[in-house]
2 protein chains.
Amino acid sequence: MPPDLSNRLFFRLYQCANMMHKTGTRALEEHHVTTQQWAVLGALTRPAFEAGIAVGDLAAFLMVSRQNLTGVLSRLEAMHYVERTVAENDNRSRLIRLTDKGRSLWGENMRPAIADYYEEALEGFSTDDKIHMIHYLNKILRNFKALDPDSSRSSEPL
Amino acid sequence: MPPDLSNRLFFRLYQCANMMHKTGTRALEEHHVTTQQWAVLGALTRPAFEAGIAVGDLAAFLMVSRQNLTGVLSRLEAMHYVERTVAENDNRSRLIRLTDKGRSLWGENMRPAIADYYEEALEGFSTDDKIHMIHYLNKILRNFKALDPDSSRSSEPL
DNA sequence: CTTTTTATGTCAATATATTTACATTCTTCG
DNA sequence: CGAAGAATGTAAATATATTGACATAAAAAG
C-alpha cells in the first residue's frame with residue numbers, strides 16, 4: 001500500500017497555504033498590504049461589488065468569518081483604502097466600498113506587483129495545468145462547504 | 001479573453017486554505033486540537049522524527065517560522081502532548097518529542113477522526129485525482145520555495 | 001585563546017482567524 | 001401596535017502567523 005495519499009494531499013495543501021501567505025505578503029510588502037487585505041481589496045474591485053457590499057456577504061464570498069473581517073476592514077479603513085457607509089434600506093447593514101485612494105492603490109501599485117507574483121508562483125504552469133488545478137480546488141471546496149454548517153445553506157454555485 | 005486564470009487559481013487556493021483550517025479544526029474539536037497542532041503532532045509521529053527533532057528543522061518541514069512554532073509547542077507542552085529536551089551535542093538546540101500521552105492521543109483519538117474527515121473532504125476524489133492534485137501542489141510549492149529566501153537554500157527535494 | 005560570525009530558540013509587536021457574546025435594528029406574529 | 005425572533009455588525013478571548021530583536025552557545029577567524 002502506498003503512503004496515505006489523502007494525508008499527503010492535505011499536508012501539501014497545508015504547506016501551500018503557509019507559503020502562499022508568506023510569499024504573497026512579501027510580494028506586496030512595499031505597499032504594506034497583506035494577503036488578506038489583498039483578497040478584500042481584490043473583491044471590492046469586482047464590478048458586482050463596486051457599489052458596495054455588506055460585511056456578511058463579503059465574508060461569505062471570501063469564506064472567512066464576519067468577525068474576522070471586522071478587524072481587516074478597520075485597518076483598511078484606517079489606511080483610507082475602504083469606507084463604510086450605512087445601507088439606505090437597512091440601518092444595521094454597512095456597505096463596504098473602495099475609496100478613490102484604494103482604487104488607485106489597486107490599479108497603480110498592487111495590480112502590477114500581483115501580476116509579477118503570479119508570473120513567478122505559477123512558472124511552468126500551462127493554461128491546461130491551471131484549469132486542472134482550479135478544477136480540483138473547486139472540487140475540494142465543494143466538499144468543504146458541505147462540511148461547514150455555515151456555508152451549507154448558501155446556494156451560490158461555485 | 002477568459003477571466004484571469006492565475007487570479008482565479010489563487011483565489012480558490014485562498015478559499016481552500018480558509019476552509020481547510022475551519023473545517024479541520026472543527027473535525028478535531030472534541031479533542032481540543034487545531035489544524036496547526038495537528039500538523040505538529042502528525043510530523044512528530046513520523047519514524048524519522050520519533051527520537052526528537054529540533055525546532056528549526058520542524059519549522060522548515062512544516063514551512064512555518066521558528067518563532068511561530070514556539071507558541072504552538074508551548075501550548076502542546078502545557079497539555080503534556082509534547083516535551084522539549086536539550087540536545088546532547090548542542091546546548092542551544094531543543095529536541096521536540098511526543099510524550100506517551102501525545103502518542104496515545106494521536107493513535108486512539110485523532111487518527112480515526114482524521115480518517116473520517118479525509119473521507120468527507122475528499123469525497124469523489126479517485127486515486128488518480130489525488131495523485132494529480134498532489135502533483136500540482138508540489139509544483140506550486142517548488143515555485144513558492146524558490147520565491148522564499150528562507151527556503152531557497154534548503155536542499156531537501158520535495 | 002580571544003574575537004567575530006553564525007546558529008538556535010524565544011520574546012514582543014502586529015495582523016489574521018476562530019468562537020462566544022452582545023447591542024441594534026429589522027421582521028414576524030399575536 | 002407590541003413582543004418575540006432573526007439578522008447585522010462589532011467586541012472580547014484564544015490560537016495562529018509574520019518579522020524584528022535578543023540572549024545564548026557553537027564555530028570560524030585571527
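Numbers restart at 1 for each chain; the letters A, B, ... are given by sequence-line order, proteins then strands.
What separates CD1 of A:Ile53 from C1' of D:dG9 is a distance of 14 Å, to the nearest Å. B:His32 has its NE2 atom 14 Å from the C1' atom of C:dT19, to the nearest Å. Here C:dA17 presents its C1' atom at 13 Å from CE of B:Met19, a figure rounded to the nearest Å. Distance, B:Asn18 CG to D:dA15 C1': 15 Å, rounded to whole Å. Whole-Å rounding puts the B:Asp57 CG to C:dT8 P distance at 7 Å. Rounding to whole angstrom units, CG of residue B:Leu28 and P of D:dA15 are separated by 15 Å. In this structure, NZ of B:Lys22 is placed 13 Å from P of C:dT20, rounded to the nearest angstrom.
Here the side chains of A:Leu141 and B:Arg12 are in contact, with some heavy-atom distance below 4.5 Å. Annotation: side chain of A:Leu28 is not in contact with side chain of A:Thr34 (no heavy-atom distance under 4.5 Å). Side-chain atoms of B:Arg103 and B:Glu50, non-hydrogen and from C-beta on, do get closer than 4.5 Å to each other.
Proximity of residues 33-46 of chain B to DNA chain D (heavy atom under 4.0 angstrom from any strand atom) is restricted to B:Thr34, B:Gln36, B:Gln37. Contact check of residues 66-99 of chain A against DNA chain D (heavy atom, cut-off under 4.0 Å) returns A:Arg66, A:Gln67, A:Thr70, A:Arg84, A:Arg92, A:Ser93, A:Arg94.
Under the 4.5 Å side-chain contact rule for hydrophobic residues, B:Leu44 and B:Leu95 do not share a cluster.
In this structure, the ring of A:Phe125 has its center no less than 6.0 angstrom from the ring center of A:Tyr118.
Closest approach of B:Thr35 and B:His21 over heavy atoms only: OG1-ND1, 2.7 Å. Nearest heavy-atom pair across A:Tyr117 and B:Leu147 is CE1-CD1, 3.7 Å. A pairwise comparison of heavy atoms in B:Leu137 and A:Leu13 identifies CD1-N, 3.9 Å as the closest pair.
With a 6.0 Å radius and a threshold of 12 heavy atoms from other residues, nucleotides or ligands, B:Asp128 has its CG atom above the threshold.
Of the listed nucleotides (C:dA17, D:dT19, D:dT10), D:dT19 has the atom at the smallest distance from the side chain of A:Arg26.
For the pair A:Ala54 and A:His21, nearest-nucleotide mapping onto DNA chain D gives the more 5' position to A:Ala54.
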